[in-house]
2 protein chains.
Amino acid sequence: MKAVGIVVEYNPFHNGHLYHLESAKEITGADIAIAAMSGSFLQRGEPALVSKWARTKMALLNGVDIVFELPYKFSTQKAELFARGAVSILDAAGCSHLCFGSESGEAGAFEKTAAFIDANRPAYDGLIKKYSKTGVSYPRAASLAFADLNPPPDTIPLSQPNNILGYHYVKSISSLNSRMKPMTVRRKNANYHDEDFSSATIASATSLRKALFAGDSGLEGIGRYIPGQTRKILLEYMGEFGGFHNWESYWPFLKYRLLQSSPEDLGTIYEAEEGLENRLVEAARRSANFQEFMEFAKTKRYTWTRIQRLCTHVLVNAKKEEMAADSTGASYLRLLGMTEKGRSYLNMHKGTLGLPLVSKLSSFPGTEINLDIRASAVYSLGIPGTPGQNLLEMEYSQPPVLIEKG
Amino acid sequence: MKAVGIVVEYNPFHNGHLYHLESAKEITGADIAIAAMSGSFLQRGEPALVSKWARTKMALLNGVDIVFELPYKFSTQKAELFARGAVSILDAAGCSHLCFGSESGEAGAFEKTAAFIDANRPAYDGLIKKYSKTGVSYPRAASLAFADLNPPPDTIPLSQPNNILGYHYVKSISSLNSRMKPMTVRRKNANYHDEDFSSATIASATSLRKALFAGDSGLEGIGRYIPGQTRKILLEYMGEFGGFHNWESYWPFLKYRLLQSSPEDLGTIYEAEEGLENRLVEAARRSANFQEFMEFAKTKRYTWTRIQRLCTHVLVNAKKEEMAADSTGASYLRLLGMTEKGRSYLNMHKGTLGLPLVSKLSSFPGTEINLDIRASAVYSLGIPGTPGQNLLEMEYSQPPVLIEKG
């Protein structure tokens, strides 16, 4: 069986994801699709809309065959480390291809871009440093630096988030010596961060979440942009847990954590650098909600995403020494769910997986996975009372989701 | 002007407190009464029902003339340190007497008890150690040890909480070389921990809080046991902040803190000893509310109060090194409020106060008071949204309460 690997958040799974998934299987001729999916907290430093279990169901019911958790250590990182974690998992799972969505270009253009940057590394790094000193954010500095190098026309601009991710997938495949072949599917319509609906059936996850929380029409309003299975699972989630997760549900805990900590304590948190943590404490003291807090905290230099990521690490108490990702990527494959076809694949490849397979927490003692367990525990507190307690218990008692089809 | 010192929590101020306050002034012939009052968290390891500002108003409107905050470092401690902090404050404020309520005996009996224990110190300590080994709580072991020594009849039994406190007031007066003369008022009716109403007009604060949270008749049900001013202030508080504070409001934060911390981190918390902190983590993982949690956590050896105090320290993040109380007691007098008469007293004694007077936070830089500020910040999070934010701001902006009378 041939497997194509994809890197996803599915927050929530929508028609654009379905298009990407189907195209990935088609252009690679794969029999199954394997996803490395962020767990409780996502790359932009946000809690996932619904639990990893619910998002795993969405994936499996829409055509993914195996879902592995992208550990917290990678899921909440800038593109380079996020990509490295995901690529290491898909490679260890035996995928022959990695297929990502991008705003532009063929996979070859990403490889040329990586080669071009490698050839101009000292100049590129120097320019990034120069631009960073002017007070702009890192992504902006990198984009300006790239343009300054006069790249040839068959490279791709690194100013779009999915292009940046694609570039790092390609780089990670090379640096991890993976045999995976990179492929790309051009994204249809919606841009990554679009907040409004711009197409008849495809909208960005950002706009879908915005519509869900605006609450006027709720799930009805987004029905045309998501598969029926996603809608059903969101409805069930709402019924079981009383709502979806967003930063406002975690705001009291973040505020508490910031006001209760000593500066030294906060200084041990990953990404607490340059005194940014003190800025957060001051903002927390003055703010009654997360939106207000972010308005206080953000600057030209520190992007919304950069601050949100630090807030996530403060919330989860992720320390510098825990997060220091080693160069070899993930150290386990945590199985969140599979179809029958996915199960056959895993049975066939049992002996050749590149990392230990974790399907029950109790069977895998280790310190690295503790960060994921802790992140899930904190995540569950976004739902008050007994439903939240039930969500917490799932971390320990939920077996991998099994979908009897495919 | 002659001042009598009293040590109070006023949680809330009730008719028994009024009786004690009036008796204290009467038997000592004092012109004014000065209270050392617990701030946000109390001796039994609980959040105060209403803020220190509201409780200060209750005190001033019912006959107290000056209220100083008993710092967190002392207010959340076992009797010995609680008493030492309070005595050091009242002594520094120039009180000529300290007047406490007790279940039995004259002040002389407390002094005899202290002398008797001092004379039998090695035997007493040995017996406490012996009983502690059988797995009983410290207070129980101390009480059994005392009985074993065959104390003379003019000593007092140390099994009642107010007798224990009284004993430590007397001991602290002596160890701090204070010139204050101890006096005691016998408590009328209600026992310290009584949960039911047992008298026509006097009930324990415990029973009053229980009735308030039972919620059937609410404030109406306790009207006969509290002065009109207390009732008015409780009503105002309810209107302004939407409710009263109890452990259940802080439970999500405690659970969060316990689930998000590493064992090493929890080990730095004051009173985290003998692995009790790990027991709390396990209990937190299994519990959906504070009551459930406490039922899981408590044992024969660890009393409810002992566990609640540790939980308070976990909540406030009070570290061992911050709490290590030195032998000389408090290091500042934080003025929470005064009557006109109290203000005159302070003006007269400005030059002879034994500790620096703090009436504005900004005027008193220092690390010790940070613990009080942090405790207030955490306390304010028990009220959600903007009212809680307003309560937080009061810590910085509220000047001492001034009552224009007396």
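First the proteins, then the strands, lettered A, B, ... as listed; each starts at 1.
Heavy-atom neighbours of Lys360(B) NZ from other residues, nucleotides or ligands within 6.0 Å: at or below the threshold of 12.
Nearest heavy atom pair, residue Ser261(A) against residue Asn317(B), reads CA-ND2, 4.0 Å. Nearest heavy atom pair, residue Gln260(A) against residue Arg374(B), reads O-CD, 3.2 Å. Gln389(B) approaches Ala288(A) most closely through the heavy-atom pair CB-CB, 4.0 Å.
Contact tally against chain A (heavy-atom pairs below 4.5 Å) for Arg257(B), Lys319(B), Arg285(B): the top residue is Arg285(B). Note: Leu315(B) leads Asp265(B), Leu315(B), Thr386(B) in heavy-atom pairs under 4.5 Å with chain A.
Proximity to chain B is limited to the backbone of Ser287(A), based on heavy atoms less than 4.5 angstrom apart. Both the backbone and the side chain of Leu259(A) come within contact range of chain B, each with at least one heavy atom under 4.5 Å from a heavy atom of that chain.
Heavy-atom neighbours of chain A within the stretch residues 394-401 of chain B, taken at a separation under 4.5 angstrom, comprise Tyr396(B). Using a 4.5 Å heavy-atom cut-off against chain A, the contacting residues of residues 243-256 of chain B are Pro252(B), Phe253(B), Lys255(B), Tyr256(B). Residues of residues 233-242 of chain B never come closer than 4.5 Å to chain A when only heavy atoms are counted.
Applying the salt bridge (Lys or Arg N to Asp or Glu O under 4.0 Å) rule to Glu282(B) yields the partners Arg286(B); only residues at least two apart in sequence or on another chain are considered.
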